[in-house]
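A quick write-up on the structure given underneath.
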Amino acid sequence: MKTLRRCERFCDCYRIHIRKLSVISDNKPEPSLVENVVHVERVSNLHYLLQLCAKTRSSVGGRACHAQVIRVGWEMDVLTSNMLINMYSKCSLVDSARKKFNEMPVKSLVSWNTIIGALTHNAEGQEEALTLFIQMQREGTPFNEFTISSILCKCAFKYAILECMQLHAFSIKAAIDSNCFVGTALLHVYAKFSSIKYASQIFDSMPEKNVVTWSSMMAGYVQNGFHEETLLLFHNAQFMGFEQDAFMISSAVSACAGLATLVEGKQLHAISHKSGFGSNIYVSSSLIDMYAKCGCIREAYLVFQGAMEVWSIVLWNAMISGFARHAYAPEAMILFEKMQQRGFFPDDVTYVSILNACSHMGLHEEGQKYFDLMVRQHKLSPSVLHFSCMVDIFGRAGLVHKAYELIERMPFNATSSMWGSLLASCRVYGNIELAEIAAKHLFEMEPNNAGNHILLANIYAANEKWDEVARARKLLRENDLKKERGTSWIEIKNKVHSFTVGERNHPQIDEIYAKLDDLVVELKKLNYKVDTSNDLHDVEESRKQMLLRHHSEKLAITFGLMCLPSCIPIRIIKNLRICGDCHIFMKLMSKFTSREIIVRDTNRFHHFKDGFCSCRDFW
DNA sequence: GTAGGGTTAG
């Protein structure tokens, strides 16, 4: 009798111990607990222990539990079997989970949901998960919100948006579409298919939203280029009292990178530190990218160094891409070597970045060396992006025939960006013959892109082929093709000021034009001559000079000089490539005002200092 | 007992 009581106390003691651990523990169960699992003969104790093993991903404890289940003959118990499947799933032992599921003579909805959930966690199992879902339908087992949310996010991408819409319809029919998990999964899927309108409709109509819903919507926006909406949502989430997590912060930082809003990006950097997400890989890599895209390559490198503890390939890639963007090819190359010394193998993204760095510096031999290294040493299969980089490298280095040959023999169809790159190179190196070939393809692929027609006309103009220039002008006029309007942005005191070419709406525009006129007078003393050779407008020379003088980046720099203290650099973002005249203007302006000027155009960064540009006039 | 979210790429 006394022994029995002692045994009961022993079991009770375990029950309390296991129960406490299953609620609070983030660590694996102590080895003694796992060893003593054989003593636990109460079903509730085993259940607690199974939960604990699933939570802590302890396969040793989990297998011991399974052995105990068999020993005491609870194999047929549905609840216990479900817990075993879940434990195996969390311990990444999918085969064991599948075996247990198949052995069950009677399955509950939870059994189906658990095995489907287990299969969705890796790419190989997703097809099987979908098959099981279809099998469920055939067998007449009703699904619920758990089934749909598992299936939606991981498996739906294998198919088209129509399948996702069908799953959406299923959930409406089953009246589970208002469930928070289902809604979040649905908006995530629609955003992945770039149907941001549907995603935001679902978000707005959800009766209950949690922090995952908000961060999924933010991620959806930022991945589809809706940067302003991302930041708006971030502020709304703050207003609604949701504590920002690392998911939200990384999306918000990416939005700042897209918008090049340095002030807000810095605020988010401070928030991430304060919230303890400073060492999160996603936050760190988006911060590196944000600083690089805002023109602050030193700050990007500081974040990179600070993330030393948690280095991942993405952090290396983000930094190499940052260096490439700023045409710091030697730094990118050093990092490329260093990453390998630290045991990281370059991946396809690393190679896109390193090739891009070579392209911006005209390093065609080095570019070819990296391309060969990618194939021979790292056994990576070059994608269309890598070929695109190589076309750019050869073209920019003046090897236009080599670029064309590569387009002809590569295993992909040429993209418009490749022909565009070749056309731009033909303009720089004056190759009319290849320019016409590239333009022919471009006109077919992008008939409404005025920039391509203008580029070809510029080549004719440079070669004094005036008849062709006139023909190109006529074509532009007849088809009413207009080039995207030049716009530049500058951030001053947390506010973004935007200027279009010939801007009239800015509240201080008269003051800006007056100041710009004064500056031009001063720059002319430094031999500044307005270069109208790139201007195709069918107007007099004096009018051309006026149009060039009012280019958006000139207005933005003038406003920056008026508003920003002399000790800080002036940062400008532009929607088009900087023109030759503005490039000379910025160089002279940096010398005349002793200011550092940083311009981000569509291609790259230009750091102007003491009359020189970091691109060494190669862009 | 079972479910949903993030970073780097011309």
Side-chain angles (χ1 to χ4, degrees), chain A residues 47 50-51 54 77-87 89-90 108-118 120 143-154 176 179-189 191-192 210-220 222-223 245-254 257 277 280-290 292-293 307 312-322 324-325 347-356 359-360 383-393 396 415-418 420-421 602-604:
Chain A
H47 286 172
L50 268 171
Q51 273 181 295
D77 179 63
V78 176
L79 177 61
T80 310
S81 301
N82 290 344
M83 283 181 160
L84 279 168
I85 299 170
N86 185 43
M87 178 274 298
S89 159
K90 294 290 187 298
S108 72
L109 175 56
V110 177
S111 322
W112 286 94
N113 288 345
T114 314
I115 191 65
I116 286 174
T120 56
F143 60 83
N144 68 359
E145 59 271 34
F146 286 81
T147 336
I148 286 283
S149 49
S150 288
I151 285 285
L152 264 171
C153 272
K154 298 286 194 294
I176 51 170
N179 173 276
C180 185
F181 281 75
V182 174
T184 306
L186 276 168
L187 78 84
H188 172 74
V189 166
K192 282 275 177 204
N210 63 14
V211 69
V212 181
T213 321
W214 283 82
S215 67
S216 301
M217 192 63 242
M218 283 182 62
V222 80
Q223 285 159 4
D245 62 6
F247 289 84
M248 280 193 192
I249 293 175
S250 57
S251 291
V253 172
S254 296
F277 303 128
N280 179 289
I281 297 172
Y282 295 92
V283 173
S284 303
S285 43
S286 52
L287 279 170
I288 294 168
D289 186 51
M290 181 276 293
K293 283 182 179 162
S312 82
I313 180 80
V314 180
L315 292 168
W316 291 93
N317 287 351
M319 196 62 238
I320 292 173
S321 138
R325 203 177 292 283
D347 65 6
D348 49 344
V349 180
T350 326
Y351 274 107
V352 170
S353 300
I354 198 80
L355 291 174
N356 191 19
S359 161
H360 284 310
S383 73
V384 70
L385 268 182
H386 299 107
F387 278 101
S388 187
C389 289
M390 289 310 293
V391 169
D392 210 43
I393 286 174
R396 281 172 190 272
T415 61
S416 57
S417 83
M418 287 180 191
S421 166
T602 42
N603 266 357
R604 51 164 297 156

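- Nucleic acid contact for Thr415(A): none, since no nucleic acid atom lies under 4.0 Å from a heavy atom of the residue.
- Scored by the side-chain hydrogen bond (donor to acceptor under 3.5 Å, both in side chains) test, Asp289(A) finds Lys293(A) as partners (sequence neighbours excluded).
- One can place CD1 of Ile320(A) at 13 Å from P of dG10(B), the figure rounded to the nearest angstrom.
- Remark: Ser216(A) OG to Leu187(A) CG distance equals 5.5 Å, nearest 0.5 Å.
- Between Val253(A) and Ser286(A), the shortest heavy-atom contact is CG1-O, 3.3 Å.
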Heavy-atom contacts, protein to nucleotides 2-7 of chain B, under 4.0 Å, summarised as B (base), S (sugar-phosphate only) or - (none) per nt, yield BBBBBB
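- Side-chain nitrogen and oxygen atoms of Arg396(A) include none within less than 4.0 Å of the OP1 or OP2 phosphate oxygen of dG10(B).
- In this structure, Ser254(A) contributes its side chain and Ser250(A) its backbone to a donor-acceptor pair below 3.5 Å.
- His386(A) places its NE2 atom 12 Å from the C1' atom of dT8(B), with the value rounded to the nearest Å.
- Rounded to an integer number of Å, the gap from Met390(A) CE to dG10(B) P is 15 Å.
- Judged by distance alone, with hydrogens and angles left aside, the side-chain atoms of His386(A) form a donor-acceptor pair with the main-chain N or O of Asp348(A) at under 3.5 Å.
- Although no hydrogens or angles enter the test, the distance criterion places no donor-acceptor pair under 3.5 Å between the side chain of Ser359(A) and the main chain of Leu355(A).
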